[in-house]
Participant: 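Below is a structure I'd like to ask you about.
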Amino acid sequence: MSSPQPLEEETYDMSGARLALTLCVTKAREGSEADLDALERMFQHLGFESTMKRDPTAQQFQEELEKFQQAIDAREDFVSCAFVVLMAHGLEGRLKGEDERMVELEDLFQALNNKNCRALRAKPKVYIVQACRGEQRDPGEPVTGGHLVMITEESPETIPTHTDTLHVFSTIEGYIAYRHDQEGSYFIQTLVDVFINKKGPILELLTEVTRRMAEAEMVQEGEPKKVNPEIQSTLRKRLYLQ
């Protein structure tokens, strides 16, 4: 029986421009400014050109994403990757703009896919979403003490529309997300701390974020609650930010 082969270590080329867009509804979301400060610090540390917009309406969420896409495609230099941070009240699949109207997350995600953003084709696109995804609360459960490899062509001429994308949600589908009035959201604060102070491929960093959040306990109205992020990845290579 032959021994397992190590995985090929292919990484994204991060030598070019790194671009970030943060859209944040601060209205009735105490602690948002602490999250924005933390994200600004993180993007500066990681060498990103960062743009932040406060209190977009539902329509402005869409318009700002489209403007971001057009600006990326208009650049003449090499672009390595893009981060989009979306912070608002929300329900599953939707965010609430400053005007109380809803925008579909899927419409926002489409703006930078391999079809719609040529400059980011086959480049990593990371979406970080700090928003509720429903009304459920998790009290936690007591704990008692396969790699899938697909064979493909060596050098494909085309690439699927939705590869090279990472979606990081502050909570799992159907559940609320927690935010402290002064200190910001536990998800954003933990993510920033890990991304600044740890090194490794992004999926390993996100595993560390998940571990820390799973071990922590939020107390809401005197009741302990649990919350953990959800990570959806179609990355084809390892993504190193440091």
Side-chain angles (χ1 to χ4, degrees), residues 20-32 35-36 39 51-70 72 81-117 120 124-139 160-179 184-191 202-203 206-207 209-210 213-214 218 220 225-235:
L21 173 67
T22 301
L23 302 175
C24 177
V25 175
T26 64
K27 189 169 113 180
R29 294 186 67 255
E30 291 77 9
S32 298
D35 285 348
L36 288 169
L39 287 163
T51 303
M52 293 191 166
K53 303 275 184 187
R54 287 169 173 78
D55 296 317
T57 63
Q59 189 177 342
Q60 285 169 340
F61 265 108
Q62 193 70 49
E63 289 170 354
E64 291 295 339
L65 253 298
E66 287 166 10
K67 268 202 288 192
F68 190 51
Q69 174 263 313
Q70 288 159 9
I72 292 170
C81 79
F83 269 55
V84 175
V85 184
L86 306 169
M87 299 194 284
H89 291 296
L91 293 168
E92 180 52 34
R94 293 181 295 165
L95 293 182
K96 189 184 285 187
E98 189 269 345
D99 57 350
E100 301 286 313
R101 296 188 171 206
M102 293 299 221
V103 61
E104 297 289 328
L105 270 175
E106 197 49 50
D107 291 342
L108 302 180
F109 296 158
Q110 295 289 344
L112 302 185
N113 70 23
N114 290 326
K115 180 180 178 183
N116 294 326
C117 190
L120 285 175
K125 300 159 276 284
V126 178
Y127 289 89
I128 296 168
V129 183
Q130 164 63 37
C132 292
R133 301 178 72 192
E135 302 293 334
Q136 296 184 65
R137 292 165 170 78
D138 183 4
T161 306
H162 302 287
T163 60
D164 307 284
T165 305
L166 188 58
H167 296 106
V168 187
F169 297 94
S170 58
T171 187
I172 62 169
E173 185 175 333
Y175 283 79
I176 71 167
Y178 295 96
R179 189 181 63 259
S185 62
Y186 190 56
F187 167 63
I188 293 292
Q189 298 296 327
T190 306
L191 182 131
I202 195 167
L203 288 173
L206 289 168
T207 300
V209 173
T210 304
M213 289 185 67
M218 320 290 138
Q220 189 194 43
K225 303 291 180 191
K226 289 288 192 178
V227 65
N228 62 274
E230 182 177 355
I231 297 138
Q232 300 169 0
S233 172
T234 58
L235 296 181

Participant: Decide yes or no on side-chain hydrogen bond (donor to acceptor under 3.5 Å, both in side chains) for Thr161 and Asn113, but give the supporting numbers first.
Facilitator: CA-CA 6 Å; Thr161 306; Asn113 70 23; over 6 Å; no
Participant: Under 4.5 Å between any side-chain heavy atoms of Leu206 and Ile128, yes or no?
Facilitator: no
Participant: Any non-hydrogen side-chain atom of Leu235 less than 4.5 Å from a side-chain atom of Ile202?
Facilitator: yes
Participant: Please work out which of the three classes, parallel, tilted or perpendicular, describes the rings of Phe109 and His167, given edges at 30° and 60°.
Facilitator: tilted
Participant: Is any side-chain heavy atom of Phe68 closer than 4.5 Å to a side-chain heavy atom of Thr51?
Facilitator: no
Participant: Check whether any side-chain heavy atom of Leu203 lies under 4.5 Å from a side-chain heavy atom of Ser233, and answer yes or no.
Facilitator: yes
Participant: I'd like to know whether Glu66 forms a side-chain hydrogen bond (donor to acceptor under 3.5 Å, both in side chains) with Gln70, so could you lay out the CA-CA distance, the side-chain angles of the two residues, the decisive distance to 0.1 Å, and finally the verdict.
Facilitator: CA-CA 6 Å; Glu66 287 166 10; Gln70 288 159 9; 5.4 Å; no
Participant: Any side-chain heavy-atom pair from Val129 and Leu95 closer than 4.5 angstrom?
Facilitator: yes
Participant: Hey, does Val25 have a side-chain heavy atom less than 4.5 Å from the side chain of His89?
Facilitator: no
Participant: Would you say that Leu39 contacts Phe83 through its side chain, given a criterion of any heavy-atom pair below 4.5 Å between the two side chains?
Facilitator: no
Participant: With Asp164, which of Leu112, Asn114, Thr234 fulfils side chain to side chain contact (heavy atoms under 4.5 Å, CB included)?
Facilitator: Asn114
Participant: Is a salt bridge present between Lys96 and Glu100, judged by a nitrogen-to-oxygen distance below 4.0 Å?
Facilitator: yes
Participant: Let's go through Thr26 and Asp55 carefully: what are the C-alpha distance in whole Å and the side-chain angles of both, what is the deciding distance for side-chain hydrogen bond (donor to acceptor under 3.5 Å, both in side chains) to 0.1 Å, and is it a yes or a no?
Facilitator: CA-CA 6 Å; Thr26 64; Asp55 296 317; 2.9 Å; yes
Participant: Check whether any side-chain heavy atom of Arg101 sits under 4.5 Å from a side-chain heavy atom of Thr57, and report yes or no.
Facilitator: no
Participant: Can you confirm whether more than 12 heavy atoms, excluding those of Glu63, are under 6.0 Å from its CD atom?
Facilitator: yes
